[in-house]
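Note that the numbering runs from 1 along the sequence shown for the chain. Model, not experiment: these values are computed from the prediction. Counting starts at 1 for both ligands and their atoms, following the listed order.
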Amino acid sequence: MAETMKLQVITPDQEFYNGEASMVELNTADGQLGIYPMHIPLTVAVLPGVLSIHEGSEVKKAALLSGFIQVLPEQVTILAEACEWPEDIDGARANEARIRAERRLSENSAEIDVARAEAALKRALVRLSLAKE
Ligand code: ATP
């Protein structure tokens with residue numbers, strides 16, 4: 001069995017990652033997935049969460065927002081709306097986004113798009129969970 005697979009993460013503005021991984025963990029519409037090499041083919045929606053890229057004993061973490069993942073036995077491709085390393089996350093901006101979303105959700109007004117505010121809150125919380133001080 002192959003020990004690693006190829007992982008590519010593409011966002012609208014860059015190729016975020018292109019390398020080998022022994023395991024990849026992320027949040028999807030099918031729940032939290034841990035993908036090892038030789039996984040059965042799968043395509044599923046990505047939900048906001050932490051992307052963990054394992055390579056041997058090393059683990060890299062990034063904030064992964066919405067998108068799609070295609071899994072093939074030796075190749076995993078993620079097309080994401082946005083993906084950020086912890087050092088690239090602006091914690092103050094994410095905190096403002098969290099406060100804005102929480103305020104909208106607490107207003108309980110017909111003007112508020114609840115699903116949109118909930119999605120913004122999830123993105124902010126994922127970023128805050130990884131942001132450096
Ligand atoms: P905001 O309301 O602050 O714009 P958002 O969740 O609506 O947050 P997105 O639509 O997910 O933002 O992202 C738009 C772009 O801004 C992406 O390129 C993303 O990487 C970047 N971005 C958003 N929030 C942050 C942050 N806190 N730190 C670094 N980059 C961010």
Residues with a heavy atom under 4.0 Å from ligand 1, by chain and number, are A82, E84, D88, I89, D90, R93, A94, R100, R123, R127

*asked:* Counting only heavy atoms not in F16 (residues, nucleotides, ligands), do more than 12 fall under 6.0 Å from its CZ?
replied: yes

Salt bridge (charged side-chain N to carboxylate O under 4.0 Å, His left out) filter on R123, not counting sequence neighbours, yields none

How about K6: does its NZ atom have over 12 heavy atoms from other parts shown lying under 6.0 Å from it? yes

* Asked: If only atom types and distance count, is the side chain of N27 paired as donor or acceptor with the main-chain N or O of P48 below 3.5 Å?
  -> yes

Of all heavy-atom pairs linking M23 and G34, the shortest is SD-CA, 4.0 Å

> Is the backbone of G56 close enough, under 3.5 Å, to the side chain of S22 for a donor and an acceptor to pair up by distance?
Replying inline: yes

